[in-house]
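Just below is one structure, and these are the notes that go with it.
Throughout, protein chains are lettered first and strands after them, A, B, ... in sequence-line order, and every chain is numbered starting at 1.
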Amino acid sequence: MTLIKSILAELISLFVDDGNLALQVVALVVLVTVITKLAGISALASAAVLVVGCVVILIASVLRKARSG
Amino acid sequence: MTSVTALASTVSAAFLGSLVEVVEAFTIVLAVGITRSWRPALIGSGLALILLVVIVLIFGPLIALIPIHLMQFVVGVLLLLFGMRWLRKAILRAAGVIPLHDEALAFAKETDILMRQAAERRADWLAGVAAFKAVLLEGVEVVFIVIAVGTSRGLTFYAGLGALAAVVLVMVVGAVLHRPLTQIPENALKFAVGLMLTAFGIFWLGEGIGAEWPGADLALLGILLLLGAVSALAVSLARRSNPISRGVR
């Protein structure tokens, strides 16, 4: 049972390491999906929001960790 | 739609990603084999490989049933989470914020654990479990990388060949050297793979949502280059923001 638990925990950690990073990525996915499907912004603008959002989330996560030591 | 860009990026991402994972699994299996004996090392590894094959045989055909846009969306989200985690860690390691992964240290730690367990009656079992767990967990990552980078474009076979090439390379080099593969620039590899997987994730997610990529497949290269530039900047900013890195430099 301990083995299965530890394997499951490590499987989850493949996708979620820094909880904030994972949450922000999911929030960005929801935002881009909503503005593309419901708000009707252009497909090109959706792509731009997605790329810029990922870049901002990545830099913010790195700096948060760097500042906290 | 199989362009040279899609094929080359798929095979190289699968090869490099798998190389990192296989090296890590090899370190643990080697520690078990040398410290305890090769019997539990090979049995544990063999059982994990059989389980991985069963997982692929069960889930592989199911993936083909998912509509393409939904699959691109799901794969894109998972790749983004997986890739950005790798990239973030590689940036932090390159900036000196967190220590580099050290195969020699991992080997020493595993050897130490196995030696402390040597007196136990179930030492062979524990050694086998260590090999099983290492091969299974790293193997699941390899399977995920192959499926994630290959499925959305129907290039799973080629992605699998890339992963197989990594396995063969590590096995051959490992059999010759008979020690942990410490010379492999692991963080540089993780950096490259993190960039590729994140770029794939953004690209597939965009396709799944219905975003439009200028230049179609070539947009993947553009995203990769942009992420590379941003990551280099992030390393520099992290180095300046981190008190430990600043002190060392």
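Heavy atoms only, all atoms of each residue included: Trp204(B) and Val75(B) are closest at CD1-CG1, 4.3 Å. Across all their heavy atoms, Ala163(B) and Val142(B) have their closest contact at CB-CG1, 3.9 Å. Nearest approach of Leu52(B) to Val135(B), heavy atoms of both residues: CD1-O, 3.9 Å. Considering every non-hydrogen atom in both Thr198(B) and Leu80(B), the closest pair reads O-CD1, 3.8 Å. In this structure, Ser45(B) and Val29(B) approach most closely via the heavy-atom pair OG-CG2, 3.4 Å. Heavy atoms only, all atoms of each residue included: Ala14(B) and Ala159(B) are closest at CB-O, 3.2 Å.
For chain A, the nearby part of Leu137(B) is the side chain; its heavy atoms alone come within less than 4.5 Å. The contact between Ser231(B) and chain A is made entirely by side chain atoms (from C-beta outward), counting heavy-atom distances below 4.5 Å. Interface residue Val25(A): only side-chain heavy atoms are found under 4.5 Å from chain B. Using a 4.5 Å cut-off between heavy atoms, Leu79(B) makes no contact with chain A at all. With a 4.5 Å cut-off on non-hydrogen atoms, Ile91(B) touches chain A through its side chain but not through its backbone. In this structure, chain A has a heavy atom under 4.5 Å from the side chain of Leu92(B), while its backbone stays farther away. Contacts of Val129(B) with chain A are made by side-chain atoms alone, with heavy-atom separations under 4.5 Å and no backbone atom involved. Contact of Leu44(A) with chain B is made through backbone and side chain together, with heavy-atom distances under 4.5 Å.
Highest contact tally toward chain A, considering only Val77(B), Leu237(B), Leu78(B), Leu226(B), is held by Leu78(B) [criterion: heavy-atom pairs under 4.5 Å]. Comparing Ile57(A), Leu58(A), Ile59(A) by how many heavy-atom pairs each has under 4.5 Å with chain B, the most go to Leu58(A). With chain B as the partner, the residue from Ala47(A), Ala48(A), Ala22(A) showing the most heavy-atom pairs under 4.5 Å is Ala47(A). With chain A as partner, the option from Gly83(B), Ala211(B), Gly206(B), Gly201(B) having the largest number of non-hydrogen pairs under 4.5 angstrom is Ala211(B). The candidate with the highest count of non-hydrogen atom pairs below 4.5 Å against chain A, out of Ile98(B), Ile209(B), Leu205(B), is Ile209(B).
Side-chain contact check for Ser236(B) and Arg240(B): at least one donor-acceptor pair (N or O, by modelled atom type) lies under 3.5 Å.
Here Glu212(B) contributes atom CD and Thr36(A) contributes atom OG1; the two are 12.0 Å apart, rounded to the nearest 0.5 Å.
Between Phe203(B) and Trp213(B), the ring-plane angle classifies as parallel under the 30° and 60° cut-offs.
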